[in-house]
Every structure is written in structure tokens, then in C-alpha cells.
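Working notes, structure below.
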Amino acid sequence: MRSTASIMHLDLDAFFAAVEQRDKPSLRGKPVCVGGIGARGVVATASYEARRFGARSAMPTAEARRRCPSGTAFLYPRGDAYRASSRIVMDILRSVSPVVEQVSVDEAYVDLAAGADLDLSPEGVRTVAQRLIDEIRAATGGLTASAGVGTSKMLAKIGSELEKPAGLVVVPPGRELQLLAPLSVRVVSGIGPATEARLRSFGVETVADLQRMERTDLVSIFGSAQGGSLHELARAHDDREVVVEREAKSVSAEETFEHDVVDREVLDAELVSLARRTAARLGKSAAFARTVTIKVRQHDFATSTRSETLLHPTGDAGVILDVARRLLAGVDVSNGLRLLGVGVSGLGTHAQEQLRFDPPDDAPAAQPPLDGADIDAADAEVPATPAGDVRRTPGPAAYSGDGPPTWWPGQDIAHTEHGAGWVWGSGLGRVTVRFEGPTTAPGRVRTFAADDPELRKADPPQW
């Protein structure tokens with residue numbers, strides 16, 4: 001570990017949802033979920049208002065809909081808008097240090113020791129971190145960030161999560177164990193649900209409990225690599241350096257089973273969880289993927305992968321799951337699997353799947369706008385589904401000119417007469433638009449024919 005608290009981890013708070021609330025004033029202070037909006041979609045980010053009802057990232061969208069109240073906005077991600085804000089944030093971080101390790105679109109590690117003439121005392125790094133948080137808020141139209149500064153990457157990341165939103169925690173040298181001891185073992189890098197459950201079976205729930213375990217015991221339970229790592233990390237021994245890395249080429253999630261699994265129903269349940277986790281991580285990177293891969297490790301440790309490349313990129317958990325199921329169906333599991341993983345690659349910034357609108361016979365008429373304002377009387381009788389309620393295949397597509405255009409909830413749109421706005425809902429050949437932007441008051445809602453020639457796809461608004 002370092003002798004100074006000079007590694008900072010900065011994480012933008014509820015980033016996707018915060019950008020939506022910034023750009024859509026009628027959603028400010030209201031629950032918002034961003035992610036896959038279909039029946040098998042996954043929440044990428046939930047606003048803090050939605051989290052109060054139990055919504056969270058990686059949760060199935062259907063479950064989030066059940067938990068959140070009527071009027072919650074379920075929006076498909078706008079990758080261009082998120083990447084534009086992310087570039088501003090990363091440039092601000094690089095103005096302080098040339099060594100910035102961008103982990104995803106909304107978080108990064110910063111090596112403050114590589115900065116020029118920075119005061120690395122606890123008070124000095126606190127001043128630097130707070131200045132960065134304030135600069136980010138001003139430069140991005142009000143987005144907030146939380147930061148942690150410590151002697152290692154693990155301590156910095158833990159610190160950034162302790163006082164969200166808009167929090168700042170500096171862990172001075174010598175205070176690491178005091179900070180870690182009362183926390184759940186889940187804060188330790190590399191401990192997921194399966195490892196947490198196994199530790200709990202030995203009476204280990206907090207980091208203090210883990211610190212009391214001998215290395216030999218952890219190695220006997222988890223093996224030399226993982227057991228040794230847990231022993232070191234529980235004592236805050238983390239020597240990973242901040243490195244400037246290339247953009248991720250793949251995203252994945254995997255699970256090692258305590259016992260070899262032969263039951264395909266159990267494997268399928270695990271596949272569902274892995275597909276959701278992978279989709280959530282993909283969403284966090286504001287990316288879409290063309291290739292789905294499964295990884296299997298047999299009872300004899302023989303490891304293999306199988307892949308399938310899609311016609312169009314996707315970020316939808318349902319599509320990833322469908323492909324993973326097809327791939328696993330061709331694997332012999334009769335002797336049991338020790339490990340199962342799902343990954344995606346061929347990453348890009350756009351999805352191209354087609355939407356389809358096939359609402360049931362009892363599809364609802366247009367619902368009141370999310371802020372309770374009245375829809376223009378001339379448009380009130382035009383039926384459309386409320387925000388997010390469309391039956392759809394996995395992702396949005398730009399209009400190609402062949403047939404009527406398709407619109408998806410949250411999409412930026414512009415009208416020749418009424419100006420810029422966003423898609424509030426769509427269906428039955430209609431699209432409902434709220435005309436507002438980051439610098440306006442909450443706007444009025446109007447409904448149009450989906451193929452109205454005065455409507456066009458728009459770029460993200462400027463703030």
C-alpha cells in the first residue's frame with residue numbers, strides 16, 4: 001500500500017437517471033428507471049427516488065415496475081447523451097492527473113500522486129477532490145459525483161460508496177482497518193454473492209470477522225489464489241496501481257459452484273442471473289454487443305467456450321439469455337459443471353434491432369403526463385401507451401425510411417413547429433412527445449401520428 005492517501009475513485013451518482021432528470025425537467029424529483037424496457041429487460045440505473053421503492057440496477061424491469069408507483073418513468077438508455085457528459089468528466093479528472101483509469105462511462109480511478117505539485121496530506125487531497133466534484137457539477141449542468149481517496153484502489157472505491165450521493169470520504173494512512181472492520185465482507189474486492197454465502201456458513205459476515213480467519217483456513221476453503229487474496233485484502237493490503245487502460249473489449253459475469261451441478265433447471269436459473277448481470281454491466285458502459293459467449297468448466301476442470309454472433313448489436317438481457325440458453329443446450333452437463341459464465345463482445349455504441357408495436361386489444365388510452373399537466377385538448381383522444389409501456393424487441397433503431405418510424409421512451413425528438421422534446425410514450429401508430437429541455441420549465445405533451453413528417457430524431461439537448 002501507499003504511504004499517502006493518493007488514489008481517488010470518483011463515481012457519478014445514479015448517472016443515467018441523473019442525466020435523464022437533467023435533460024427532462026418534468027422528471028426531476030420523481031422516480032426514473034433507465035434500462036431495458038421490455039418484459040425481460042434489466043434496470044441499468046435507478047434514480048434515488050426510485051431506489052426508495054426498492055428499484056436497483058441489475059433488477060428485472062418487470063420487478064421494478066411492480067415495486068415503483070404509477071408515474072415512474074421507464075426509459076431506454078440514450079448512450080450519446082451519457083457519453084457526452086462522461087467525456088466532460090474524464091477531461092476534468094485528467095486536468096489534475098495524467099493517470100486516469102476509466103472503469104466505465106461513469107467512474108474512474110485517479111492517481112493524485114502523478115499530478116503536478118499536489119498536496120497529498122489528507123486535508124490537501126480532500127480539497128482537490130471537493131474541487132473536482134464542484135467542477136463536475138458546474139460543467140455538466142448539475143450532475144453530482146461521489147469520491148473516495150485512500151492508500152489503495154479498494155479503499156478509494158469503498159470510500160466513494162459510503163456517503164452517496166455527492167459524498168466525499170478520505171481514508172488517511174493508518175485508518176484503513178478501522179474503516180473496514182464493521183463493514184460487510186461484500187465491500188472486499190472479489191467477494192460476490194456466492195463467496196459471501198460460503199463465508200456466512202463459517203460465521204463470517206463483517207470484514208472484522210474475515211480478519212480473524214487464518215490464511216491457512218481461507219486457502220483450505222477457497223484455494224490458494226482466492227484464499228490468499230481474501231486474507232490480504234481483509235487487511236487492506238492492495239497494491240494494484242492506477243493504470244491508463246484501453247476501452248473494454250468484452251463484458252462478462254461468471255459463477256463457480258460449490259458442488260458440481262448437473263440439474264439443467266439449476267443451471268438455467270444461474271444463466272438468468274448471469275445474463276442480467278452481464279446486461280447491467282454492459283448498460284453501465286453505455287454499450288451494445290454483437291457476440292454472446294458462454295464459458296463452462298466441467299467436473300474435470302476442462303474449460304471451453306461457445307459463441308454466437310447476432311445480426312444486430314444488443315444490450316437486452318432477454319436476447320443475451322436466449323442466445324446463452326441455445327449455446328448451453330449443446331453442452332454435455334451429465335457429469336456436472338463447476339463453473340458457468342456469460343459474456344458479450346464486439347462492443348459498439350448503437351443498437352439496431354427493430355421495435356415492434358403490437359399492443360393488446362385493451363391497450364390503454366394516453367395517460368396523464370408525469371407531472372400532471374394537461375395534454376392539449378386537440379390531441380387528448382389519440383390513443384398511445386404511457387412512458388415505457390410498449391411491446392418491443394430488444395432495442396431501438398434509427399428510422400431507415402422503410403415503413404413508419406419507430407420511437408422509444410426517452411428518445412430525443414424534434415418537431416418543426418414545437419421544437420425539441422422527448423418521447424413520452426408510443427404505440428398504436430402514435431407517438432406522445434413532451435416538449436421540454438434542460439433549460440426550460442416542464443413542458444406540454446402532444447400526441448402525433450408516428451409517421452408525422454414534421455417529427456424527426458434529434459441529438460441530445462445542450463445544457
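- Within 6.0 Å of atom CD in Gln130, more than 12 heavy atoms from other residues, nucleotides or ligands are found, so the atom counts as buried in its surroundings.
- Donor-acceptor pairing under 3.5 Å is recorded for the side chains of Ser121 and Asp119.
- No option in Asp238, Asp111, Thr151 other than Asp111 meets the side chain to side chain donor-acceptor pair (under 3.5 Å) test with Arg2.
- No donor-acceptor distance shorter than 3.5 angstrom exists from the side chain of Arg290 to the backbone of Pro313, with no hydrogens or angles considered.
- How far CG of Asp412 is from CZ of Arg78: 4.5 Å, rounded to the nearest 0.5 Å.
- Residues Ala46 and Arg51 come closest through the heavy atom pair O-NE, 2.8 Å.
- In this structure, the separation between OG1 on Thr440 and CG on Asp23 is 10.5 Å, given to the nearest 0.5 Å.
- Under a 3.5 Å cut-off, the side chain of Thr61 and the backbone N or O of Gly36 do form a donor-acceptor pair.
- Asp13 and Ser146 form a side-chain donor-acceptor contact under 3.5 Å, judged by distance and modelled atom types alone.
- Summarising the local packing, CZ of Arg175 is surrounded by 12 or fewer heavy atoms from other residues, nucleotides or ligands at distances under 6.0 Å.
- In this structure, Leu75 and Lys24 have side chains that are in contact, with non-hydrogen atoms separated by less than 4.5 Å.
- For the residue pair Glu20/Thr45, the side-chain donor-acceptor check at 3.5 Å is not satisfied.
- Among all heavy-atom pairs drawn from Ser47 and Ala14, the shortest one is CA-CB, 4.4 Å.
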Inset, instruction - Test Val105 against Leu12 for side chain to side chain contact (heavy atoms under 4.5 Å, CB included), laying out the working first. - result: CA-CA 9 Å; Val105 73; Leu12 292 160; over 6 Å; no
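- The distance from the CG atom of Leu143 to the CH2 atom of Trp463 is 7.5 Å, given to the nearest 0.5 Å.
- Asp11 places a side-chain heavy atom less than 4.5 Å from the side chain of Asp106.
- By the 4.5 Å heavy-atom criterion applied to side chains, Ile136 and Leu10 are counted as neighbours.
- Ionic pairing of Arg131 and Asp134 is not present here: no N-O contact between side-chain nitrogen and carboxylate oxygen is shorter than 4.0 angstrom.
- Screening Leu271, Val292, Val342 against Leu321 for a side chain to side chain contact (heavy atoms under 4.5 Å, CB included) leaves a single residue, Leu271.
- With Glu176 contributing its side chain and Gly174 its backbone, the two residues share a donor-acceptor pair below 3.5 Å.
- Val261 places none of its side-chain heavy atoms less than 4.5 Å from the side chain of Glu270.
- Pro69 is listed as a side-chain neighbour of Phe53, based on a closest heavy-atom distance under 4.5 Å.
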Inset, instruction - Could you check Arg83 against Asp80 for salt bridge (charged side-chain N to carboxylate O under 4.0 Å, His left out), going step by step and ending with a plain yes or no? - result: CA-CA 5 Å; Arg83 283 185 289 273; Asp80 289 346; 2.9 Å; yes
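- Here the shortest heavy-atom pairing between Leu267 and Leu340 reads O-CD2, 3.8 Å.
- A salt bridge links Arg66 and Glu63; the closest N-O separation between the charged side-chain nitrogens and carboxylate oxygens is under 4.0 Å.
- Residues Met8 and Leu93 meet the side-chain proximity criterion, which asks for heavy atoms closer than 4.5 Å.
- Atom OG of Ser426 is separated from atom CD1 of Ile413 by 8.5 Å, given to the nearest 0.5 angstrom.
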Legend entry - Evaluation steps, side chain to side chain contact (heavy atoms under 4.5 Å, CB included), between Trp422 and Glu436: CA-CA 8 Å; Trp422 58 281; Glu436 62 183 6; 2.7 Å; yes
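- Under the 3.5 Å distance criterion, the side-chain polar atoms of Glu101 are left unmatched by any main-chain donor or acceptor of Val242.
- When all heavy atoms are compared, the tightest approach of Tyr82 to Pro77 is OH-CA, 3.6 Å.
- Scanning all heavy atoms of the two residues, the minimum distance from Ser97 to Gly115 falls at OG-N, 4.0 Å.
- Contact record, Ala5 with Val171: CB-O, 3.5 Å, taken as the closest heavy-atom pair.
- Counting heavy atoms from C-beta on, the side chains of Pro25 and Arg28 come closer than 4.5 Å.
- Of the residues Ser250, Ser307, Ser252, the one that meets the side chain to side chain donor-acceptor pair (under 3.5 Å) test with Thr293 is Ser307.
- Although no hydrogens or angles enter the test, the distance criterion places a donor-acceptor pair under 3.5 Å between the side chain of Thr127 and the main chain of Glu123.
- Aromatic ring pairs are classed by plane angle as parallel below 30°, tilted from 30° to 60° and perpendicular above 60°; the pair Trp408 and Tyr76 is perpendicular.
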Legend entry - Full working for side chain to side chain contact (heavy atoms under 4.5 Å, CB included) between Val331 and Leu327: CA-CA 7 Å; Val331 175; Leu327 295 171; over 6 Å; no
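- Of the possible polar contacts, one joining the Arg235 side chain to the His231 backbone as a donor-acceptor pair under 3.5 Å is found.
- In terms of modelled atom types and a separation under 3.5 Å, the side chain of Arg434 and the main chain of Gly443 share a donor-acceptor contact.
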Inset, instruction - List the steps and the verdict of side chain to side chain contact (heavy atoms under 4.5 Å, CB included) for Ile37 and Arg65. - result: CA-CA 10 Å; Ile37 58 177; Arg65 289 183 187 275; 4.2 Å; yes
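- In this structure, Ser86 and Gln102 have side chains that are in contact, with non-hydrogen atoms separated by less than 4.5 Å.
- Of the possible donor and acceptor atoms, none in the side chain of Ser229 sits under 3.5 Å from a partner among the backbone N and O of Ala225.
- Between the CD atom of Gln21 and the CG atom of Leu27 there is a distance of 6.5 Å, given to the nearest 0.5 Å.
- Ser220 and Asp217 share no donor-acceptor pair across their side chains, judged by distance under 3.5 Å alone.
- Note that the CG atom of Leu328 and the CZ atom of Arg264 stand 5.5 Å from one another [nearest 0.5 Å].
- When each of Thr256, Asp260, Thr303 is paired with Arg297, the side chain to side chain donor-acceptor pair (under 3.5 Å) condition holds for Thr303 and for no other.
- Not one N or O on the side chain of Arg240 forms a donor-acceptor pair closer than 3.5 Å with the backbone of Ser152.
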